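Input: a single structure, listed below in structure tokens.
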Amino acid sequence: MTRSEQRTVSTEQRTNKSDTASESQVTIERSNTVPPVEGAPDGVITLKDLEVFYSDFRAVTNVNMSFGSREITALIGPSGCGKSTVLRCLNRMNDLVPGARVEGAVAYHGVDIYGEDVDVIEVRRRIGMVFQKPNPFPKSIYDNVAYGPRVTGMKVSDMDNVVERALRGAALWDEVKDKLKQNAFGLSGGQQQRLCIARAIATSPEVILMDEPCSALDPIATAKIEDLMVELASTYTIIIVTHNMQQAARVSQRTGFFTAEADDKGQRTGRLVEFDTTEHIFGNPSDARTEAYITGRFG
Amino acid sequence: MTATTLVVDQSLKSGRRKGVGSTVFAIALWACLAIICAFLFFVLAVIVQKGLARFDPNLVTEHPSRLRPDTSGVKSALFGTIWIMVLTALIALPLGIAAAVYLEEYADGTRWWNRLIELNIQNLAAVPSVIYGILALGFVVRGPLSIGAVLLAGAIALALLILPVVIITCREALRSVPSEIRSGSLALGATQWQTTWKQVLPAAVPGIATGSILALSRAIGEAAPLLLVGATTFLTFNPDGVFSRYTVLPTQIFSLVPLDRVEFRDLAYSTILLLIIVLLVMNALAIWLRNRYQRQW
């Protein structure tokens, strides 16, 4: 695909998105019984005093941050600092964990997605997710990509076209165009992960969440996914959790550093220590803990 | 380098530590296995040897007869068994699969009532089959439903009998579907129902099918509950509907064995052989299904 073609595709997608956005404005207004979060900046998603509990255990507290449109934001920090927990709040995947409870607000375009009348299905359609381990469905490559549009009842005139565009968007089309009917399990790990990305963008989301998307992949596949992320950021807002600090430095515009410190009762609760441009975090961090982490002194 | 290798090799070889205890234990285990196999082989050998005498086409083409034991068959019982197997499957499988889906996919396992249901299902699987016969006699044949001693009543009794087993095996099949498939589907905006129907159930079908066939093969080998709900022991017509009288292979065997003429006893052995063949075919089908569709996640 040449540069100019790429640009056409992304503008097309952009136009489509503004269509869906204006449509969705109506749905949101209808379902919006929750007042908009005050002082929400222009970010696509804004977290205000976010706190997450698993039963009685407070996993994360006091998270305030905002994710910019068409930017890559990386969440980094040592294991158990709650960065994945925060990520899973953004499309309500924490609902699936028994006993999980969220306090504070997760505002998507000013609407609290944990508000009462919010349609979780619509939230997840617009805020897609890619998981740590590639998890294609045991179906054909085509059906994997078409699954999202089908189940969410998207009005699609030409599914073949949707599938092709999603696979092209995930830089997988050339490798699989001749075997769309074959089982997705036949693909390599890196290809499977790109298929999962294609599957996520097929529902034309605005935001894509990625939970350590490269941790199960070899360096070559990882490099491909990183290139892809940078490319996708021209169209989508990407939020990525990663253990790999070089990865965060390479791909992201903004970085949030989390850590968990034990309180006097020995409970470890995750907190957002510093949130700034990636350049700032890696070049001149304000907090001593951030500096210690990125220079490899702990974590 | 060679020197070290030699030393290591020798030290490995000299370590013959196999004690007397472990040898005795291994022999004991083998002996147990041998006893079990010997019994099984003996039973099979006797049945095949005595059953072959009357294992002829008449067995499946002729109805039972008190007058011509040497040419009569068990046609009505074979058809009754097939009828009751299909009916039992139609009743037990939808119920059992639905119950398993609820317990695995929807129920909140931390709630006490769901745990109570689980515990009861485990216990029900251990209830003797004759109890289910009494239950069906009291509630289906007579009592509230009063449909009489017909095929449907027998199928209901057997369906109740295998329900716990069906539920337990279906739950295991559902549990073996990785949770990544569920979260992947839900993250794309699928509802819980779509996720269950389009992803989890199809992925669990091989396990569900295998478990169901094994449960059904247990059902068609049962005589006790069917004797209670009035399966006849002597019938010279095939069932023609769910409200028809019926007989099945196990009750046929039950009625043939005590008869004093040797022809009847030969016929009983042949019927047992026939029943065993039906069961073996079903079990082979279950194993084939399991191997054919086994998935590497």
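Below, chains carry the letters A, B, ... as their sequence lines are ordered, and counting in each starts from 1. The structure presented is a predicted model; accordingly, all values stated were derived computationally and were not measured.
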Side chain, backbone, both or neither: which part of B/Ser179 has an atom under 4.5 Å from a heavy atom of chain A?
neither

Please determine whether side chain to side chain donor-acceptor pair (under 3.5 Å) holds for the pair A/Thr85 and A/Tyr54, giving the CA-CA distance in whole Å, both sets of side-chain angles, and the decisive distance to 0.1 Å.
CA-CA 10 Å; A/Thr85 297; A/Tyr54 293 121; 3.2 Å; yes

Please flag which part of A/Phe137 lies under 4.5 Å from any non-hydrogen atom of chain B: side chain, backbone, both or neither.
both

In terms of heavy-atom pairs under 4.5 Å with chain B, which of A/Lys139, A/Met93, A/Gln132, A/Arg124 leads?
A/Arg124

Chain B contact via A/Arg92 - which portion, at a heavy-atom distance below 4.5 Å:
neither

Give the intermediate values and the outcome of side chain to side chain donor-acceptor pair (under 3.5 Å) for residues B/Glu222 and B/Ser129.
CA-CA 8 Å; B/Glu222 284 287 346; B/Ser129 60; 3.0 Å; yes

Using a 4.5 angstrom heavy-atom cutoff, name the option from A/Val123, A/Thr152, A/Leu96, A/Val151 with the most pairs to chain B.
A/Val151

Got more than 12 heavy atoms from elsewhere within 6.0 Å of CZ, B/Phe139?
no

Under 3.5 Å, is there a donor on one side chain and an acceptor on the other for A/Tyr108 and A/Glu206?
yes

Between A/Arg199 and A/Asn135, is the side chain to side chain donor-acceptor pair (under 3.5 Å) condition met? List the steps.
CA-CA 11 Å; A/Arg199 196 171 72 178; A/Asn135 61 344; 3.0 Å; yes

